[in-house]
Amino acid sequence: MLFDNDRDGSGTIASVLVPVAVPGPYTYKVPPGLAVCPGTIVRVPLGPREVVGAVWDGMPEPGIDPRKLKAISHVYPAGPLDADMRRFVDWVANWTLSPPGMVLRMVLRSEEALEPEPPVAGVARVEGAAPDRLTPARRRVLDTMQDGFAWTKSGLAGAAGVSVSVIDGLVHQGVLEIVSMSASPAPPAPDPAYNAPALSPAQAAVATGLVAAFDRGYAVSLIDGVTGSGKTEVYFEAVAEAVRRGRQAVVLVPEISLTAQFLKRFEQRFGVLPAEWHSEVAPRRRARVWRGVASGDVRVVVGARSALFLPFHELGLIVVDEEHDTAFKQDDRVPYNARDMAVVRGHLAQFPVILASATPSIESRVNADLGRYTRFVLPERASGGALPELHAIDMRRDGPERGRWLAPALVAAMRETLADNAQSLLFLNRRGYAPLTLCRSCGHRFQCSHCSAWLVEHRFRGRLVCHHCGHSEPVPQACPSCGTVDALVACGPGVERIAEEVEALFPQARTLILSSDLPGGPERLRREMKIVEEGGADIVIGTQLVAKGHNFPLMRLVGVVDADLGLAHGDPRAAERTFQLLAQVTGRAGRFSGGGKGYLQTYSPDHPVIRALLSSDSEAFYAAEIEARRVAGLPPFGRLAALVVSGPDKPATEGYARAVARAAPPDAAVTVLGPAEAALAMVRGRHRFRLLVLAPRQFDMQGYLRGWLSRVPRAAGGLRLQVDIDPQQFL
DNA sequence: AGCACGCCGACT
DNA sequence: GTCGGCGTGCTC
């Protein structure tokens with residue numbers, strides 16, 4: 001904010017939010033001649049360096065020694081951030097108990113974007129000049145340039161089918177000259193009328209409902225549609241409506257599914273590729289998208305969760321695809337859930353938000369049941385194909401012989417599928433060869449020295465790996481405890497072990513493992529996904545990454561090797577996660593090739609999650625799960641739940657966690673999970689302790705946590721809270 | 001003595 | 001988040 005307090009000649013001052021973990025804006029002098037307003041993006045000195053910040057709303061903190069004030073050193077041409085954006089930053093900061101500057105940092109992550117796009121060097125014709133000899137290559141270049149525009153060297157070389165040296169030669173001769181090309185032209189806008197699809201009656205009804213939401217300002221729609229029901233086509237109609245209304249739109253997708261396939265579908269519908277925003281976009285391109293979003297040249301962005309913090313001025317729609325996906329959660333720095341913050345942003349700026357999933361999260365279902373969201377159901381596949389027929393294999397009765405992991409019934413189905421030249425998918429959410437290794441002689445179990453989780457054998461790499469902290473060591477010849485040689489046994493299966501069994505059963509089949517940790521990285525993974533997609537593999541063995549994003553058109557059979565995995569451990573969302581994962585995985589079968597089959601190997605065929613999966617009845621699952629939470633004394637999700645995660649590996653940390661548990665109000669259910677349970681419960685985190693607080697609806701969790709935080713001595717060092725509360729009731 | 005490393009506090 | 005200051009402990 002600006003303050004005209006020039007009465008004493010000291011000049012104006014402004015509040016500036018700086019990208020550091022301080023509680024609020026700092027005060028700076030505005031040098032004469034610089035024009036700033038709330039939202040202006042500025043560079044300011046901070047300690048020994050200069051940082052990028054933004055002029056912010058609010059009174060400067062009183063009691064700052066005026067002699068201490070430094071001056072804004074630069075005003076960026078980008079921006080200013082509008083009032084909606086500033087309110088959003090403040091809201092997210094308050095909600096996540098994070099310093100507002102740290103949230104602002106997420107908005108201003110591309111420093112390159114803050115300056116205008118630097119001009120690029122190009123070549124243009126010199127009026128009247130002709131080359132000494134007109135070779136065929138030179139002719140092609142000059143023909144290509146008949147439009148009279150300037151070209152970049154490489155662009156021209158590509159278009160004319162010559163090498164850059166031909167162009168250099170023409171420059172040398174004075175036929176072409178190096179010119180400075182101004183910023184690239186605005187990308188073509190998506191055309192809502194380009195290729196409107198023929199929607200089924202059910203899809204059309206949903207599309208109409210989504211479009212109608214635009215007249216209500218803020219409204220949240222939940223599209224609950226089985227895999228293959230055409231959710232994407234349907235919400236594209238809402239994107240089209242936003243574009244028609246002159247608004248910008250953003251589609252948030254879990255990072256993993258930001259695939260070429262998805263972008264191509266967008267192009268088929270709208271005639272142009274959308275702007276992309278995620279961590280793999282190169283800095284230059286990133287900067288261009290940021291500037292385009294701010295200037296309004298970019299109308300639609302498809303991106304990962306961080307796209308939510310782009311500086312839109314005319315945002316009129318957010319779509320969150322696969323809204324249940326945990327990739328929308330950021331666990332480090334500012335811990336936020338992009339799905340919830342999307343709803344908040346829609347609320348603050350009064351525009352519609354669409355959440356889409358085949359397996360909505362419990363909280364979104366509850367919010368729909370309570371009437372906060374409008375739920376649209378797409379119960380059938382758009383192709384008219386049936387959902388896969390699912391069977392349980394009771395491993396207690398019909399399991400495989402000792403030392404094998406695939407039941408006879410599943411093997412028979414694989415054989416049949418193979419004979420039909422179709423693909424099978426074996427799903428096991430466990431990387432490596434075996435999850436536990438022990439010594440046959442003395443019973444020693446290999447445990448991680450850093451975090452007490454079991455070490456997982458990775459036979460291809462010849463190492464024992466901790467999946468919790470990443471530590472790894474070579475597989476020893478002798479037992480480190482009793483010294484017996486060659487006495488180590490692998491217990492239980494991982495994908496590598498399943499592959500071994502498949503290769504023994506079907507030596508002639510083309511078998512492929514899809515697992516995130518195989519050598520070759522994401523590049524190889526993409527290649528292999530493509531191989532599967534094109535039919536280059538018969539049997540695919542995959543971890544959870546096969547559940548997401550990619551479509552496998554030839555997949556006809558899915559075998560879940562261990563359907564119970566993930567149902568047992570301490571995470572209160574274990575059942576929900578398992579249901580979502582297995583529904584997504586089995587939904588891969590027969591999605592494009594007509595009928596498909598799925599087998600669930602389980603020791604607990606009567607578990608509500610397994611039963612709901614078998615009957616393809618997600619209603620049964622939601623009812624059972626909500627009831628189970630009620631019986632367990634947990635408040636219904638979608639109301640209030642908080643996770644407090646404490647970070648560093650310090651004895652004091654556990655003490656603080658237990659102290660907050662004791663201080664909790666009587667009607668809040670508070671659980672402290674120790675390191676082992678936390679390791680199981682948090683797949684990706686490296687948290688040593690985890691405090692789970694479940695509080696009833698009317699309880700001010702934010703205030704409680706803030707009060708508690710203020711009492712934690714600094715000595716707790718780096719203690720971090722992760723708040724996982726559905727913000728619905730506060731909107 | 002010289003410096004690598006970790007911890008802590010300040011940053012307007 | 002990033003920097004500098006300062007203490008500890010190790011090496012030339």
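Chain naming here is simple, since letters A, B, ... match the order of the sequence lines and numbering starts at 1 in each.
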Just to verify, what does [X] make a ring pair (Phe, Tyr, Trp, His ring centres under 6.0 Å) with, not counting sequence neighbours?
X        : answer
A:Phe446 : A:His444
A:His74  : A:Tyr76
A:Phe88  : A:Phe309

What is the separation between atom OH on A:Tyr26 and atom P on B:dC11, rounded to the nearest whole Å? 7 Å
Value in whole Å for how far the C1' atom of B:dT12 lies from CG of A:Leu104: 16 Å
Chain A on DNA chain C: first and last contacting nucleotide, 5' to 3', under 4.0 Å to a heavy atom? C:dG1 to C:dC3
Residue list, side-chain hydrogen bond (donor to acceptor under 3.5 Å, both in side chains) with A:Glu323, at least two apart or on another chain: A:Arg339, A:Ser361, A:Ser364
Tell me the ring-ring contact (aromatic ring centres under 6.0 Å, His included) pairs involving residues 24-52 of chain A, sequence neighbours left out? none
side-chain N/O A:Lys68 vs B:dT12 OP1/OP2, d < 4.0 Å: no
